[in-house]
Every structure is written in structure tokens, then in C-alpha cells.
Amino acid sequence: MAERSNILITGASAGLGERMAHEFAARGRNLALAARRLDRLEAVRAEILAAHPGVTVVVRQLDVTDHEQVFEVFRAFESDLDGLDRIIVNAGGGKGRSIGTGGFADNAASASLNFLAALAQCEAAVELFRARSAGHLVVISSMSAVRGLPRHMTTYGAAKAGIAALAEGIRADLLGTPVKVSTVYPGYIVSEGNRPDPRNRLMVSTEKGVAAMVRAIERERPKAMVPAWPWVPLGFLMRRAPLGLVARFS
Ligand SMILES: NC(=O)c1ccc[n+]([C@@H]2O[C@H](COP(=O)([O-])OP(=O)(O)OC[C@H]3O[C@@H](n4cnc5c(N)ncnc54)[C@H](OP(=O)(O)O)[C@@H]3O)[C@@H](O)[C@H]2O)c1
């Protein structure tokens, strides 16, 4: 398997994206990091370069809901690093409201960030990969994509299911080419947007969760639920459980 030397990560100013940047730098990879908070990205770059002076880290401000900017920034990174080998569509998060309770604006914002902006990133990434006949597209979905979920999770889960289906469709379109596509389904991992919750016994630290994500990404399998324990067996059960049970435990 080709080593992916130059890796673009969106949503790299905090949480899982920031931690993935550290993990890949420790493996000697060069990084292109994007998010809205440029000051945070610059701090992440400084920390990475202090720990791993041999790698190159470039940062650019990007709001992924600005679709034109997604294409511009991805092309700029491609030229900064003289080619991108892997692009991780990670920027996302946020919650919504129960459908039909006056929360349309929040739900539309969630769908826009977690689906439409991810589509823009996939388009921009695959355009670059088609031109080079190489590359690895990684889409960060969620275990929330496995079943329809109630309350504040309904739109978020639907958007994450949407991008998982999108990634599979892109994979189908690119079968037989050197371009690879992977979907990662994280369980509960502590991050800036997902604060530690002592009542949630399934939640793992950022370090543990992201180490599992990075191992899964490096394997380049089509789909990975992470950390594999307990999420692979839970995913199996979630798919088959009666909806009432899924709703109660989500
Ligand atoms: N943590 C979990 O348990 C978990 C579980 C399943 C899936 N996920 C998924 O994993 C990904 C990362 O989540 P996280 O927990 O690390 O979230 P987080 O701690 O809230 O970090 C989100 C990152 O995305 C960036 N971002 C948000 N909106 C953006 C926008 N419009 N344009 C560009 N960047 C934007 C943020 O940077 P700026 O604010 O600087 O833009 C930040 O770097 C998300 O796709 C999330 O849905 C997380």
C-alpha cells in the first residue's frame, strides 16, 4: 500500500481533527490543516513542529459551508504540498432539535455542515484525485448513522448516514481505479464539541479514540467502526434492534 505522505484534514483546529494531525505527524506525514479559527490552527502547527520538526505543516482558514472556498483552499493546499495523497473530510458536529418543534434553522444548519459541506469537500477532493489517478478519500461519519435517532440527533444522524452513502457511491464510481475511499464511524470520543460525560461509560478519551481512528484510516478499508470494541458488536446489534430500544438508549 502506498504511504500517504501529504494529508489534508478539515476541522483540524480542535477535537478529533487536531488529534489526528498530531498522530499523523508522529508518523512523519506532512499536513494541510483547515478550519475557521486560524489562530487555533497556527497554535496546532507550532505544537506539531516543536514535537516533529521534520514534517511540513501548512494551515489555511476555511469555512466548509462556503463551497467555493472549499474548492479554492483544497487546490491551494495541493499546490502548497505539491500533491495531496489523503483528504480527511472531518469538519462537522453540532446538534439539532426534534423535528417539528420549531428547530428548522438549527436542523438546516446541521444538514448544511454535516452533509452539503461534506459533499463539497468530497467533490473538491475527488477532482484532485481523478487528475492524479491516486489518492485516499476518508469521510468521518458517525455511529449515529447506523439507525434513525430521536430528539436532537435526528438530523445529525441522517446527515451522517447520507455522507456514508455518498462515500460508498463514490467508491462504486471509482472501483477499478487507484483512488481509495474509506468511511469511519466513530463512537463517543471526548473532543471540544463532545465534552467528557462520566455517565457515558462508552465514551473514550480523545487519545484512545483517535489512535483507533488513525489505525483504521491507515488500513484503508472501505468501512470502520471505531474503537472496534465495543462499536463493531454494538453496530451489529443496533442494526437489528427494535426501534424502541434504539431510541431508549440513544
Ligand atoms: N467526538 C465524537 O464523539 C464524534 C463521534 C462521531 C462522529 N464525530 C465526527 O467527527 C468529526 C470531528 O468531531 P469533533 O468531535 O472533533 O468535533 P469538535 O471538537 O467540535 O471539532 C470540530 C472541528 O470542525 C471544525 N468546524 C466546525 N464547523 C466548521 C466549518 N463550518 N468550517 C470548517 N471547519 C469547521 C471546528 O473548527 P473551527 O470552529 O475552527 O472551524 C473544529 O476544528 C465531526 O465530523 C463529527 O461529527 C465525532
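In listed order, ligands and their atoms are each counted from 1.
Contacts between Val190 and ligand 1, counted as non-hydrogen atom pairs separated by less than 4.0 Å, are absent for every part of the residue. Heavy atoms of Tyr156 found under 4.0 angstrom from ligand 1 belong exclusively to the side chain. Of all the heavy atoms of Glu18, none lies under 4.0 Å from any atom of ligand 1, so neither backbone nor side chain is involved. By the criterion of a heavy-atom distance under 4.0 Å, the backbone of Ala12, and not its side chain, is placed next to ligand 1.
Nearest protein heavy-atom contact of atom 7 (C) of ligand 1 is Ser141 O, 3.2 Å. When hydrogens are left out, the protein atom nearest atom 18 (P) of ligand 1 is Gly193 N, 3.6 Å; that is the closest non-hydrogen contact. Closest to atom 5 (C) of ligand 1, if we only count protein heavy atoms, is Gly187 O, 3.1 Å. Here the heavy atom of the protein found nearest to atom 15 (O) of ligand 1 is Ser191 OG, 2.5 Å. Protein heavy atom at the shortest distance from atom 48 (C) of ligand 1 is Leu16 CD1, 3.6 Å. Ranking protein heavy atoms by distance to atom 43 (O) of ligand 1, first place goes to Ser13 OG, 2.8 Å.
Contact check for Ile87 versus Gln121: no side-chain heavy atoms found under the 4.5 Å cut-off. At a threshold of 4.5 Å between non-hydrogen side-chain atoms, the residues Phe24 and Glu218 count as touching. Using a 4.5 Å cut-off on side-chain heavy atoms (C-beta onward), Arg29 and Asp85 make no contact. For the pair Val226 and Pro186, the minimum side-chain heavy-atom distance is below 4.5 Å.
A cation-pi arrangement is present between Arg240 and Phe236, with the terminal nitrogen or guanidinium carbon under 6.0 Å from the aromatic centre and inside a 45° cone about the axis.
The closest heavy-atom contact to atom 24 (O) of ligand 1, among the options Ser144, Gly11, Pro186, comes from Gly11.
Listed by atom number, the atoms of ligand 1 under 4.0 Å from Tyr188 heavy atoms are 3 (O).
Remark: the Thr183 side chain and the Arg171 side chain contain an N/O donor-acceptor pair separated by less than 3.5 Å.
A salt bridge is absent between Lys95 and Asp106: the closest approach of a Lys/Arg side-chain nitrogen to an acidic carboxylate oxygen does not fall below 4.0 angstrom.
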